[in-house]
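What follows is a single structure, written as structure tokens, with notes after it.
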Amino acid sequence: MEGFFAFSFVALILTLLSIKINAASAAWMQAHATFYGGSDASETMGGACGYGNLYTDGYGTKTAALSTVLFNNGKSCGGCYQIVCDGRKVPQWCRRGTSIIITATNFCPPNYDLPNDNGGWCNPPRAHFDMSQPAFESIAIYRAGIVPVLYRKVGCMRSGGLRFTINGRDYFELVLVSNVGGAGEVSNVWIKGSKMSKWQVMSRNWGANWQSLTYLNGQSLSFRVQTSNGRTRTAYNVAPSNWRFGQSFKSNVQF
């Protein structure tokens with residue numbers, strides 16, 4: 001048995017050393033992970049970040065709902081985390097030599113009726129990832145239910161440009177910003193209509209949705225996006241002047 005645990009520990013270390021990421025060396029932290037959403041992850045669509053279809057919004061099934069301490073009132077939406085099952089603690093439940101990079105797309109709410117270590121997995125101050133089932137099963141065995149993990153923040157790799165979905169009504173533009181690469185987490189958004197002389201600061205409404213209270217109908221729309229690491233990209237004239245509420249537009253800029 002000692003030899004088995006020693007092998008598992010060595011396998012975990014080799015996994016951590018062999019992982020290549022595109023972010024500065026972030027420290028590995030301890031957490032736990034469970035799963036939800038079914039074997040096809042169909043029940044993970046939508047969620048507290050406001051993303052609709054996770055495929056069209058650029059995230060697929062490699063996603064997770066974050067506990068309160070990680071979710072940070074929606075500021076973590078779109079951020080990426082690298083997760084490894086901790087084979088030092090539960091070698092029988094981990095898939096050795098594997099890791100996964102997930103995107104934060106939902107909130108795992110606390111359940112104060114249950115203790116933190118027995119069902120209240122997402123209660124503060126626990127760091128917890130409720131992963132999509134396919135994501136969980138890529139690093140751990142289904143029957144485990146819950147496993148200890150190691151995680152760290154990493155950069156996000158996206159295909160295509162930033163995406164803007166415009167909802168709301170006249171004098172209330174609610175814009176979902178998705179498919180964000182780099183840091184992934186959006187910290188500030190500005191909007192500018194073609195008839196405006198200055199950029200207008202938008203405010204976070206909820207999750208990854210940002211709002212403007214200006215009448216912008218009949219104007220082509222440009223957006224400026226800043227991520228949590230301070231980097232900024234500008235997407236000019238993404239929405240044409242005949243845009244309508246409920247439409248989505250892809251830009252040609254990315255982090």
Side-chain angles (χ1 to χ4, degrees), residues 29 31-83 100-114 116 119-136 146 149 151 153-154 156 158 162-169 172-189 202-212 223 225-228 245-246 248:
M29 307 289 286
H32 283 79
T34 49
F35 61 88
Y36 79 114
S39 60
D40 60 355
S42 59
E43 296 176 30
T44 64
M45 302 296 147
C49 287
Y51 305 123
N53 185 315
L54 296 178
Y55 289 100
T56 59
D57 283 332
Y59 306 117
T61 62
K62 295 180 179 180
T63 63
L66 274 54
S67 61
T68 301
V69 68
L70 294 175
F71 190 68
N72 195 19
N73 293 317
K75 294 178 181 179
S76 294
C77 288
C80 293
Y81 298 81
Q82 189 168 31
I83 301 177
I100 189 171
I101 295 177
I102 60 90
T103 300
T105 58
N106 204 352
F107 174 54
C108 181
N111 184 348
Y112 296 113
D113 292 331
L114 297 175
N116 290 10
W121 311 124
C122 291
N123 293 351
R126 290 180 63 99
H128 190 89
F129 296 88
D130 197 17
M131 304 169 68
S132 73
Q133 185 176 328
F136 180 89
I146 179 172
V149 297
Y151 75 96
K153 289 291 297 297
V154 297
C156 302
R158 305 294 184 212
L162 305 179
R163 185 181 179 92
F164 302 89
T165 302
I166 307 172
N167 292 303
R169 59 183 184 278
F172 176 63
E173 294 79 25
L174 187 65
V175 180
L176 172 68
V177 184
S178 60
N179 199 45
V180 181
E185 304 164 337
V186 176
S187 57
N188 290 289
V189 180
M202 303 185 77
S203 59
R204 189 189 303 273
N205 186 289
W206 63 282
N209 286 279
W210 296 76
Q211 70 178 39
S212 166
F223 297 94
V225 178
Q226 184 178 60
T227 50
S228 57
F245 291 108
S248 295

For a quick test of reading the model, state the closest non-hydrogen atom pair linking [X] to [Y] and the distance between them.
{"X": "T103", "Y": "C80", "result": "OG1-SG, 3.7 Å"}
{"X": "G120", "Y": "L114", "result": "N-CB, 3.7 Å"}
{"X": "F107", "Y": "P109", "result": "O-CD, 3.3 Å"}
{"X": "T165", "Y": "S248", "result": "OG1-OG, 2.7 Å"}
{"X": "V149", "Y": "A33", "result": "CG1-CB, 3.8 Å"}
{"X": "A183", "Y": "C156", "result": "O-SG, 4.1 Å"}

message = Quick test of your reading: applying side-chain hydrogen bond (donor to acceptor under 3.5 Å, both in side chains), list the pairs with at least one residue in residues 41-55, sequence neighbours left out, ordered by first then second residue.
response =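 For residues 41-55, and leaving out neighbouring residues, the side-chain hydrogen bond (donor to acceptor under 3.5 Å, both in side chains) pairs sorted by first residue read D40-S42.
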About how many Å separate [atom2] of [Y] and [atom1] of [X], when rounded to the nearest 0.5 Å?
{"X": "D57", "Y": "T105", "atom1": "CG", "atom2": "OG1", "value": "10.0 Å"}
{"X": "L54", "Y": "N106", "atom1": "CG", "atom2": "CG", "value": "8.5 Å"}
{"X": "M45", "Y": "T63", "atom1": "CE", "atom2": "OG1", "value": "7.0 Å"}
{"X": "F35", "Y": "I146", "atom1": "CZ", "atom2": "CD1", "value": "11.0 Å"}
{"X": "S132", "Y": "I102", "atom1": "OG", "atom2": "CD1", "value": "9.0 Å"}
{"X": "E185", "Y": "C49", "atom1": "CD", "atom2": "SG", "value": "10.0 Å"}

Are the side chain of [X] and the backbone N or O of [Y] linked by a donor-acceptor pair below 3.5 Å?
{"X": "Y59", "Y": "N179", "answer": "yes"}
{"X": "S76", "Y": "G79", "answer": "no"}
{"X": "T227", "Y": "V186", "answer": "no"}
{"X": "S187", "Y": "Q226", "answer": "yes"}
{"X": "N123", "Y": "N111", "answer": "yes"}

Would you indicate whether the side-chain heavy atoms of [Y] and [X] approach each other to under 4.5 Å?
{"X": "F245", "Y": "I166", "result": "yes"}
{"X": "W210", "Y": "V225", "result": "no"}
{"X": "F164", "Y": "V177", "result": "yes"}
{"X": "V189", "Y": "V175", "result": "no"}
{"X": "W206", "Y": "L174", "result": "yes"}

task = Could I get the full list of side chain to side chain donor-acceptor pair (under 3.5 Å) partners for Q133, not counting sequence neighbours?
result =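 Testing Q133 for side chain to side chain donor-acceptor pair (under 3.5 Å), a comparison that skips the adjacent residues, returns E137.
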inquiry  = Does Y151 form a side chain to side chain contact (heavy atoms under 4.5 Å, CB included) with Q82? I'd like the steps, not just the answer.
reply    = CA-CA 5 Å; Y151 75 96; Q82 189 168 31; over 6 Å; no
Using a 3.5 Å cut-off and no angle test, enumerate the donor-acceptor pairs between side-chain atoms of residues 64-75 and protein atoms at least two apart in sequence or in another chain.
{"residue": "S67", "atom": "OG", "partner": "R126", "partner atom": "O", "Å": "2.8"}
{"residue": "S67", "atom": "OG", "partner": "H128", "partner atom": "N", "Å": "3.0"}

